[in-house]
Enquirer: 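The structure follows.
Basis for what follows: all heavy atoms, side chains included, without hydrogens, waters or symmetry-related copies. Position 1 is the first residue of the sequence, and the numbers go up from there.
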Amino acid sequence: MNQAKIDRINALAKASKERELTAEEREEQTMLRNEFRRSVIGNLTGQLDHTVIVRPDGSRTEVKKKG
């Protein structure tokens, strides 16, 4: 997600506090928020996929997805 889209999310949030958003603006806001959520989840998943727990004895355990 680029900075322009994040700025647009913030602009729509500010506008919604000042006035009622149009149907097109609400749809755009929902689309951008969902894209932002997917981006955050993807980044976090990528970090966790490369996370290793190092125990005091020096052994290493990879973090694995449950279920």
Side-chain angles (χ1 to χ4, degrees):
M1 168 147 291
N2 63 35
Q3 188 61 44
K5 289 182 178 181
I6 294 171
D7 292 342
R8 183 62 180 153
I9 290 170
N10 291 331
L12 288 168
K14 183 178 179 184
S16 72
K17 291 178 183 178
E18 297 170 355
R19 62 176 173 79
E20 184 73 26
L21 296 179
T22 65
E24 293 83 17
E25 289 173 327
R26 282 193 307 271
E27 184 178 330
E28 179 185 12
Q29 184 181 44
T30 300
M31 181 191 68
L32 288 170
R33 284 179 172 175
N34 288 337
E35 182 179 342
F36 181 77
R37 286 182 189 112
R38 286 189 304 271
S39 174
V40 169
I41 290 169
N43 290 339
L44 181 58
T45 301
Q47 287 178 354
L48 291 175
D49 286 346
H50 296 92
T51 300
V52 176
I53 298 171
V54 180
R55 307 233 184 261
D57 66 0
S59 64
R60 299 167 64 94
T61 305
E62 291 184 17
V63 175
K64 296 185 179 166
K65 187 176 180 179
K66 288 187 175 184

Enquirer: Please list all pairs meeting side chain to side chain donor-acceptor pair (under 3.5 Å) that have one or both residues in residues 33-46, counting only residues at least two apart or in different chains.
Expert: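 For residues 33-46, and leaving out neighbouring residues, the side chain to side chain donor-acceptor pair (under 3.5 Å) pairs sorted by first residue read Lys5-Glu35, Asn34-Arg37.
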
Enquirer: In the single-linkage hydrophobic clustering (I, L, V, M, F, W, Y; side-chain heavy atoms under 4.5 Å), do Val40 and Leu32 co-cluster?
Expert: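 Hydrophobic grouping puts Val40 with Leu32.
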
Enquirer: With a 6.0 Å cut-off (strictly less than), is the heavy-atom count around CZ of Arg60, excluding the residue itself, greater than 12?
Expert: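 No, because the 6.0 Å sphere around CZ of Arg60 holds 12 heavy atoms or fewer from other groups.
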
Enquirer: Kindly give the heavy-atom pair with the smallest separation between Leu12 and Leu21, and that separation in Å.
Expert: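 That would be O-CD2, 3.9 Å.
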
Enquirer: Holding to salt bridge (Lys or Arg N to Asp or Glu O under 4.0 Å), I want the full list of residues that pass it with Glu20, two or more places apart in sequence or in another chain.
Expert: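 If we apply the salt bridge (Lys or Arg N to Asp or Glu O under 4.0 Å) test to Glu20, skipping adjacent residues, the hits are Arg26.
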
Enquirer: Atom CD of residue position Glu18 - does it have more than 12 heavy atoms of other residues, nucleotides or ligands inside 6.0 Å?
Expert: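 Result for CD/Glu18: enclosed.
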
Enquirer: State, yes or no, whether a side-chain contact exists between Ile6 and Arg8 at a heavy-atom distance under 4.5 Å.
Expert: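 Contact flag for Ile6/Arg8 side chains = no.
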
